[in-house]
Amino acid sequence: MSINCAAVDRLIDSMSFTQKVGQLNQRLLGWKSVERNAAGRLVASDELKQEIDRWGGLGTLYGLLRADPWSGQHWGNGIRPEERTEAIAVVQQTVLERGAHGIGVLLSEEAPHGHQALGGTVLPTNLGLGATFDPQGVQEAEAAVAAELAASGIHIALVSGLDIARDPRWGRCEECFGEDPLMAARMCEAIVTGMQGEHRSKVGHGGVAVVLKHLAAQGEAVGGRNGQSAVLGPHDLHEIHLPPVAAGVRAGALGFMAAYNDIDSVPCCANPWLLKDYLRDQLGFDGIVMADGLAVDRLEDMAGSIPAAGRAALLAGVDVSLWDEGFTRLEEYADDEQVVAAVDTALRRVLELKAMFGLLPEDGADTAAIAMPSADAIAQATADGREQAKRMAREAITLINDGQSAATLDDIRSVIADAQAGPVIVAGPFADDFGCFLGDYTAPLPADEQSSVYRQLVACLGEDRVLLAAKPSDAPADQWARASTVVFVCGSTSERSYDSEFDDNGAAKAVTEYGATCGEGVDLSDIRLPWRQDDMLGEVAALTTAPIVSVAVCGRAHVLTDVLERSAVTIWAGYAGQYGPQAVADVLVDGADMSGRLPVTLPAYPAAIPVRYNDRQSAAHVYKDAAEPILRGFGYGAGSLAAVTFSEMHADTQSHPGEVLVQVTAHADDHGAAGAVNLFAHVSGGRRIPRLAMLVDSVYMDLNAGERRDIAFHVPCDRLRDVGDGQVQVTCTLDGDSTHTVTATLPGEY
């Protein structure tokens with residue numbers, strides 16, 4: 001949909017100041033905008049009508065289709081997939097009928113890893129997607145999610161991606177693609193391109209507008225405490241936290257969400273350098289900036305009052321609020337020339353976005369002609385999303401330990417395949433749990449779509465072969481003695497119950513003893529596995545001589561030292577989404593390859609944190625009680641690429657000005673392989689202390705059995721910006737044991 005600038009100008013000129021302010025507000029919780037009448041039909045609520053009447057229209061409506069414990073929406077009272085068309089029609093028609101200018105409302109929904117609605121697709125959380133190291137796969141998966149949103153009548157997807165996992169104590173690590181800025185940048189670009197299309201070609205045509213969150217440096221918060229100060233200098237801000245922002249702008253993102261935290265005391269929601277000088281002037285961003293939920297009101301202490309908080313956010317560059325009162329009080333500044341001008345600037349951005357979706361009346365029309373969702377399109381898009389979720393779950397599974405004892409993964413697979421062997425015991429607190437795989441910001445799934453590692457293995461091997469022992473005492477001693485294999489499912493969970501307590505922004509406020517151990521609001525001071533799972537695994541190991549396969553379902557970099565020591569094989573599964581249990585069973589029973597690589601560094605000790613692969617100083621031999629604080633490094637994966645050999649590595653600094661070209665030849669074994677090959681650089685000879693390593697390129701490849709292929713890495717010199725002239729040592733790390741190194745000298749200053 002093209003933008004008629006003259007029509008936008010006329011609309012702005014025709015609106016009162018109150019109506020303009022109303023277009024910038026996103027105060028109403030969408031699930032409260034409709035209700036059921038006596039006949040069970042969806043109708044507009046009084047709250048929706050009052051909001052429209054107050055502003056003479058409605059700017060953006062958040063979460064109409066959202067379902068989860070915080071919203072209180074579930075399969076018994078929420079909007080079902082077959083009711084989406086009815087709900088959208090009720091809201092849009094009510095806005096058009098009661099509004100003053102015939103303008104439709106933008107509908108925004110949470111989609112951090114799939115659509116957070118009943119029946120919505122549930123991808124792996126970003127930490128799981130990060131383990132795939134596969135931006136193209138993420139792009140295809142996000143395109144499917146966008147198709148479902150668009151078919152449902154949604155315009156804006158709120159998608160996590162900008163945050164970098166810098167401290168495993170932070171509960172929102174699961175929303176990060178990992179600890180590396182380059183991979184996060186590529187994944188953000190994949191999100192935007194998948195959801196909006198190349199050059200925004202799908203916006204209004206089967207795609208949605210992306211609001212990337214959170215801007216910026218939220219992962220740097222002191223002590224891993226959610227929303228607190230990020231203490232870092234401008235160089236590290238640009239090198240670690242802003243590359244995903246720049247990538248999102250390059251890809252054409254139509255929105256960014258300003259974060260809760262401050263950077264060196266300046267709140268992101270009131271930071272004109274961040275939201276104007278950097279985002280708009282330097283990067284050329286032309287979309288909307290949305291505040292995080294209630295973030296504007298949290299400026300009250302700084303600004304002195306709620307109205308002043310709204311003014312501060314607006315003048316700093318926020319265009320659209322979220323749930324807060326601050327923007328509703330902008331009416332009080334009708335005589336403030338700065339506010340009046342800023343309101344018009346923000347309003348233009350909102351109206352231009354609405355024009356892309358056909359939400360403005362065309363010339364000569366009184367109201368917008370808004371297309372309604374199609375049930376068939378929703379069903380097809382949802383089916384496509386499910387297939388993408390299955391594929392990404394398989395790619396996220398990461399082998400981080402094999403053959404710790406005498407038994408290897410291949411040995412264990414052979415035993416599992418032998419119907420005459422002893423029972424397979426599935427143990428651990430998550431042995432028969434489904435919710436642990438889903439992550440935060442997930443709608444409840446219907447019972448017939450829920451599974452677990454135990455249930456998947458039963459489906460493959462039969463009830464007589466597979467036993468459940470969530471606690472060691474759940475199985476008798478003779479069964480432990482006869483067991484051929486033990487599958488120990490451990491880790492953490494972000495699953496909330498419908499009787500959970502929440503903060504006003506939906507973050508977990510209090511969790512029960514065996515409640516959520518990850519997710520927003522669940523920051524931990526101790527990152528060992530919760531609920532004494534290490535002790536439980538020790539009890540299991542004492543009961544059996546069978547090899548143990550541990551499956552770590554984790555939303556943060558938990559300490560897995562005891563798990564690796566006591567397990568023959570350890571599989572890291574992130575939060576792999578609704579098909580996570582099936583992906584684990586495919587690995588154990590069907591011999592599926594594991595192409596995943598760790599997106600974060602795993603610490604060996606709970607207090608020797610944070611440790612990141614791209615720190616400037618090594619943490620090794622610093623702590624006298626923890627000489628080797630790293631258990632597994634970033635990018636580690638002992639899966640399908642482990643058998644690939646590499647040769648003939650060399651660097652070329654002459655053929656391509658402005659970049660270093662590194663080439664290497666890959667040779668697949670008789671089985672073939674798929675996965676990411678990562679290139680790391682260490683830089684010396686400059687003006688700064690160099691990082692221990694930097695990921696400078698990553699190539700995802702799929703090799704046929706016996707195939708030989710040349711791989712080219714293109715490293716822009718500005719990725720090596722810590723130095724001027726100097727030698728660049730580039731190390732291509734393929735797995736934990738195989739390292740190839742090539743050294744090049746950069747030509748001249750850059």
Side-chain angles (χ1 to χ4, degrees), residues 123-124 126-144 161 177-194 198 243-244 247 251 387-400 572 574 576 583 587 592-600 613 634-646 649 661-669 671-681 694-705 707-716 719 730-736 738 740:
L123 300 175
N126 281 356
L127 201 64
L129 292 176
T132 72
F133 281 72
D134 182 8
Q136 181 60 38
V138 170
Q139 179 177 323
E140 293 169 7
E142 297 291 359
F177 286 114
E179 67 187 50
D180 179 72
L182 176 63
M183 189 51 60
R186 292 187 174 180
M187 294 301 195
C188 281
E189 184 177 7
I191 290 169
V192 175
T193 304
E198 295 277 358
E387 291 304 311
Q388 293 293 335
K390 289 179 185 178
R391 180 175 61 85
M392 298 313 291
R394 290 193 294 268
E395 285 194 32
I397 304 300
T398 304
L399 182 62
I400 62 171
W572 188 88
V587 165
D593 287 336
M594 286 173 280
S595 58
R597 293 189 175 278
L598 283 173
V600 287
Y613 90 95
F634 169 82
Y636 183 89
S640 62
L641 286 180
V644 176
T645 58
F646 294 82
M649 187 172 178
L661 176 65
V662 178
Q663 295 177 300
V664 66
T665 301
H667 312 257
D669 65 6
H671 301 287
V677 183
N678 296 325
L679 187 73
F680 295 88
M694 296 187 296
L695 180 67
V696 290
D697 201 6
S698 177
V699 176
Y700 193 93
M701 65 178 188
D702 193 345
L703 297 176
N704 296 319
E707 183 179 358
R708 174 190 175 101
R709 185 186 304 175
D710 293 332
I711 303 172
F713 299 94
H714 298 268
V715 186
R719 277 289 295 140
V730 183
T731 303
C732 184
T733 302
L734 311 172
D735 57 47
S738 179
H740 296 260

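Treat the numbers as computed from the prediction; the structure is a model and nothing was measured. If you read the sequence from its start, that first residue is 1, and numbering goes on from there.
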With sequence neighbours left out, what residues match D180 under side chain to side chain donor-acceptor pair (under 3.5 Å)? Y613
Just by modelled atom types, is the G675 backbone N or O under 3.5 Å from a matching donor or acceptor in the R597 side chain? no
Just by modelled atom types, is the H714 backbone N or O under 3.5 Å from a matching donor or acceptor in the D697 side chain? yes
Heavy-atom distance under 4.5 Å between the side chains of [X] and [Y], does that happen here?
X    : Y    : result
M594 : T398 : no
V644 : M701 : yes
S698 : M183 : yes
M392 : T132 : yes

How far does [atom1] of [X] sit from [atom2] of [Y], to the nearest 0.5 angstrom?
X    : Y    : atom1 : atom2 : result
L127 : L598 : CG    : CG    : 9.0 Å
R186 : D134 : CZ    : CG    : 12.0 Å
I191 : L129 : CD1   : CG    : 8.0 Å

Determine whether F177 and F634 satisfy the following criterion, ring-ring contact (aromatic ring centres under 6.0 Å, His included), listing intermediate values before the conclusion. CA-CA 12 Å; F177 286 114; F634 169 82; over 10 Å; no
Answer yes or no: does atom NE2 of H667 have more than 12 heavy-atom neighbours from other residues, nucleotides or ligands under 6.0 Å? yes
